[in-house]
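What follows is a short report on a single structure.
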Amino acid sequence: MRLVVVGNGMAGSRLVSEVRARDPQMRITVFGAETCRPYNRVLLSNVLAGSSRPEQVRLLDPSWYDAHNVRAVFGSAVAHIDRETRHVVTADGRREPYDLLVLATGSDAVVPPIPGVGRAVPFRTLDDCERIIRAAGSARRAVVIGGGLLGIEAARGLAGRGLPVTLLHLAGHLMERQLDVEAGEVLGETLSGLGVEIRTGVSASGVEEDGVRLGDGELVEADLVVLACGVRPVTGLAADAGLEVRRGVVVDDELRTDDPSVFAIGECAEHDGVVYGLVAPAWEQAAVAADVITGGKGLYRGSRLVTRLKAKSVELAAMGETQLGEEQAEVVRFSHRARGTYRKLVIRDGRLVGVILLGESDAVGTLTQLFDRGGPVPGDRAGLLFPGLSSAPVADSPTLMPDAARVCQCNNVTKGQIRACWEAGARDVAAVALATRATTGCGTCRDAVEGIVGWLCEQEGVSV
């Protein structure tokens, strides 16, 4: 069996490792358009802020491919799929046969069609990140266009380097897809306190030598302009091959396209009308596709999205139907704008269907579990938002957390799995991460994993 994977980013590299874990013999070739080995795109904001080095966000060691008999071709974009002969053809003319093909082509940054946009730098790849860092070294002011998750991470990272930053956003409040109006405003106030000027409800009409021209004619001065205007699935290769494409490459519950020998996963795939732009669904899809490819049974039923932002001095978790108000659901809300705190629960039919947590909160673990499982919400609503006020035990304490509780959302790692690998000899977070991949996605579960490992060591009298 010959498997070819097109795309060696977070989805493609995970698919390759999942397949190899299930089948040590299958012939695997993976093509990556980027010249470097795969890296964790989620952590690029840490690289931009200077808290991580580029080599610290790599996903696979250089020796992994040889050690696992995987042929990886870097810097070689696939230009054509010949479905009749089952070959892929690269831009430099290489032809590679396949029995099964996986498209993991990801997304490209959206570049708005405005005059002078070539002067701006998209914030999407590691090369983009390094280009921004070089420019920031001599820049006096920066403008970030786009107030979604990436834009906020870019603005916070640049401000952390001491650069004055203005963030421009077309919508009336930040992260309007994930946050309601007040949460967006509180987030904006928090960022303002960290040195980021927030301008919402404005449009960029052009990028000039001295800055960004707004739709009303105002010039926002800058000598570094960063684009964070969203992403668009890369579907041209699939469309040219005659595969069904809507917003993304259309796939069924086995992640197959309308050609049974071709799969699609990650940001380029559209399942049940949804294109997911986060890492956890891509990795869930990789596991299902690997099951199917290696002869097992696997079905993908969609993902419950949890958006996390954890930059320095900014902590945010948002999940589900956050925009609903009192006329549509039961809403429990707390706001303390002077402290940058906003918490909101959306409950419908006794189930938690939406959550916003902005600012430090020890309720994240409990609420994520409740949302993920779709279980009934306890009667003590205030105790959910403020676990310390409740006389009931805290569900996400290591002592009381059930083994089935999911600790790492990105990699679907439970407390029971962490306990099992600890009992097998993994005595610190690094060893647990190596065994389970916990903490290697967005990284926000690290404190929880450290807590569980520390608790296990304490219970057994193990010193580390």
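Atoms considered below: every heavy atom in the structure, side chains included; atoms not considered: hydrogens, waters and symmetry mates. Here, residue 1 is the first one in the sequence, and each next residue gets the next number.
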(request) With the side chain counted from C-beta on, respond yes when Tyr342 and Asp180 share a heavy-atom pair under 4.5 Å apart, and no when they do not. (result) yes
(message) Please check this pair: side chain of Asn40 against backbone of Thr440, looking for a donor-acceptor N/O pair closer than 3.5 Å.
(response) yes
(request) Evaluate the criterion side-chain contact (heavy atoms from CB on, under 4.5 Å) for residue pair Val196 and Val144; output intermediate values, then yes/no. (result) CA-CA 10 Å; Val196 179; Val144 175; over 6 Å; no
(message) Can you tell whether the side chains of Glu185 and Arg337 come within less than 4.0 Å, N to carboxylate O?
(response) yes
(message) Which heavy atom of Ser192 sits nearest to which heavy atom of Ile198, and what is that distance?
(response) OG-CG1, 3.8 Å
(request) Locate the shortest heavy-atom distance separating Val275 from Pro233; write the atom from each residue and the value. (result) CG1-CG, 3.9 Å
(request) Looking only at non-hydrogen atoms, find the nearest pair between Ala264 and Cys268 and report the distance. (result) CB-SG, 4.4 Å
(message) For the CG atom of Leu434 and the CG atom of Asp428, what is their distance to the nearest 0.5 Å?
(response) 10.0 Å
(message) Going by side chain to side chain contact (heavy atoms under 4.5 Å, CB included), Val407 matches just one of Val413, Thr414, Ile452. Which one?
(response) Ile452
(message) For Gly157, is there any backbone N or O sitting under 3.5 Å from a side-chain donor or acceptor partner on Arg161?
(response) no
(message) Other residues, nucleotides and ligands only: do more than 12 of their heavy atoms fall within 6.0 Å of CD on Glu55?
(response) yes
(request) Could you grab the distance from atom CD1 of Ile356 to atom CE of Met319, nearest 0.5 Å is fine? (result) 10.0 Å
(request) With Val102 as reference, evaluate Val19, Val4, Leu15, Val6 under the side chain to side chain contact (heavy atoms under 4.5 Å, CB included) test and give the passing residue. (result) Leu15
(request) Look only at the side chain of Ser52 and the backbone of Asn46, and say whether a donor-acceptor pair between them is shorter than 3.5 Å. (result) no
(message) So if I apply the salt bridge (charged side-chain N to carboxylate O under 4.0 Å, His left out) rule between Glu267 and each of Arg247, Arg41, Arg124, which one comes out positive?
(response) Arg124
(request) Keeping the roles fixed (side chain from His173, backbone from Gly184), state whether a donor-acceptor pair exists under 3.5 Å. (result) no
(request) Could you tell me the separation between the CZ atom of Arg37 and the CG atom of Asn8, rounded to the nearest 0.5 Å? (result) 11.0 Å
(request) Measure from the side-chain N and O atoms of Gln323 to the backbone N and O of Leu179, and report whether any donor-acceptor pair falls under 3.5 Å. (result) yes
(message) Show the nearest heavy-atom pair for residues Glu182 and Ser335, with the distance to one decimal.
(response) OE2-OG, 2.8 Å
(message) Using a 3.5 Å distance criterion without hydrogens, assess whether the side chain of Gln285 forms a donor-acceptor pair with backbone atoms of Ile265.
(response) no
(request) Return yes when atom CZ of Arg2 has more than 12 non-hydrogen atoms of other residues, nucleotides or ligands closer than 6.0 Å, and no otherwise. (result) yes
(message) Do Arg156 and Leu309 have side chains that approach each other closer than 4.5 Å (heavy atoms only, starting at C-beta)?
(response) no
(request) Check whether any side-chain heavy atom of Tyr39 sits under 4.5 Å from a side-chain heavy atom of Glu34, and report yes or no. (result) yes
(message) Consider side chain to side chain donor-acceptor pair (under 3.5 Å). Of Arg437, Gln417, Arg14, which one does Asn411 pass it with?
(response) Arg14
(message) Can you tell me how far apart CG (Leu158) and CG (Leu163) are? Round to the nearest 0.5 Å.
(response) 6.0 Å
(message) Tell me whether Asp372 contacts the main-chain N or O of Gln369 through its side chain, where contact means a donor paired with an acceptor under 3.5 Å.
(response) no
(request) Using atom types as modelled and distance alone, determine if a side-chain donor or acceptor of His271 lies under 3.5 Å from a backbone N or O of Tyr300. (result) yes
(request) In plain terms, say whether Arg27 and Glu96 are close enough for a salt bridge, that is, a side-chain N and a carboxylate O under 4.0 Å apart. (result) yes
(request) Give a yes or no on this: more than 12 heavy atoms of other residues, nucleotides or ligands lie within 6.0 Å of atom CD of Glu218. (result) yes
(request) Please answer whether the main-chain N or O of Val234 pairs with a side-chain N or O of Thr105 as donor and acceptor at a distance below 3.5 Å. (result) yes
(request) Check whether any side-chain heavy atom of Leu48 lies under 4.5 Å from a side-chain heavy atom of Phe123, and answer yes or no. (result) yes
(message) I'd like to know if the side chain of Trp64 and the backbone of Val70 have a donor-acceptor N/O pair within less than 3.5 Å.
(response) no
(request) Please test Val207 against Ile114 for side-chain contact (heavy atoms from CB on, under 4.5 Å), starting from the C-alpha separation and ending with a verdict. (result) CA-CA 7 Å; Val207 180; Ile114 56 176; 4.1 Å; yes
(message) Is a donor from one side chain sitting under 3.5 angstrom from an acceptor on the other, for Asp61 and Ser63?
(response) yes
(request) Please indicate whether Glu360 has more than 12 foreign heavy atoms, meaning atoms of other residues, nucleotides or ligands, lying under 6.0 Å from its CD. (result) no
(message) What I want to find out is whether Glu208 reaches Arg213 closely enough, with some N-O distance under 4.0 Å, to be called a salt bridge.
(response) yes
(request) Could you check if a side-chain atom of Phe74 sits within less than 4.5 angstrom of a side-chain atom of Pro38, using non-hydrogen atoms only? (result) yes
(message) Any heavy-atom pair between the side chains of Val225 and Arg119 that's under 4.5 Å?
(response) no
(request) For Ala433 and Ala438, work out which heavy atoms get closest and say how close. (result) CB-O, 3.3 Å
(request) Evaluate the criterion side-chain contact (heavy atoms from CB on, under 4.5 Å) for residue pair Arg94 and Val73; output intermediate values, then yes/no. (result) CA-CA 11 Å; Arg94 179 197 302 258; Val73 184; 3.9 Å; yes
(request) Assess whether atom CZ of Arg304 is packed by more than 12 heavy atoms of other residues, nucleotides or ligands within 6.0 Å. (result) yes
(request) To the nearest 0.5 angstrom, please state how far the CZ atom of Arg246 sits from the CD atom of Glu270. (result) 5.5 Å
(request) Check each of Glu221, Glu197, Arg199 against Thr166 using the side chain to side chain donor-acceptor pair (under 3.5 Å) test, and report the only one that passes. (result) Glu197
(request) Determine the minimum heavy-atom distance between Ser138 and Asp223, stating which atoms define it. (result) O-OD2, 4.5 Å
(request) Indicate yes or no: at least one non-hydrogen side-chain atom of Leu214 is less than 4.5 angstrom from one of Leu168. (result) yes
(request) Measure the spacing between CE of Met175 and CG of Leu316 and express it to the nearest 0.5 Å. (result) 5.0 Å
(request) Check step by step if side-chain contact (heavy atoms from CB on, under 4.5 Å) holds for Leu174 and Leu167. (result) CA-CA 10 Å; Leu174 300 177; Leu167 189 151; 3.7 Å; yes
(message) If you define the side chain from C-beta out and look only at heavy atoms, does anything of Ser76 sit under 4.5 Å from Asp92?
(response) yes
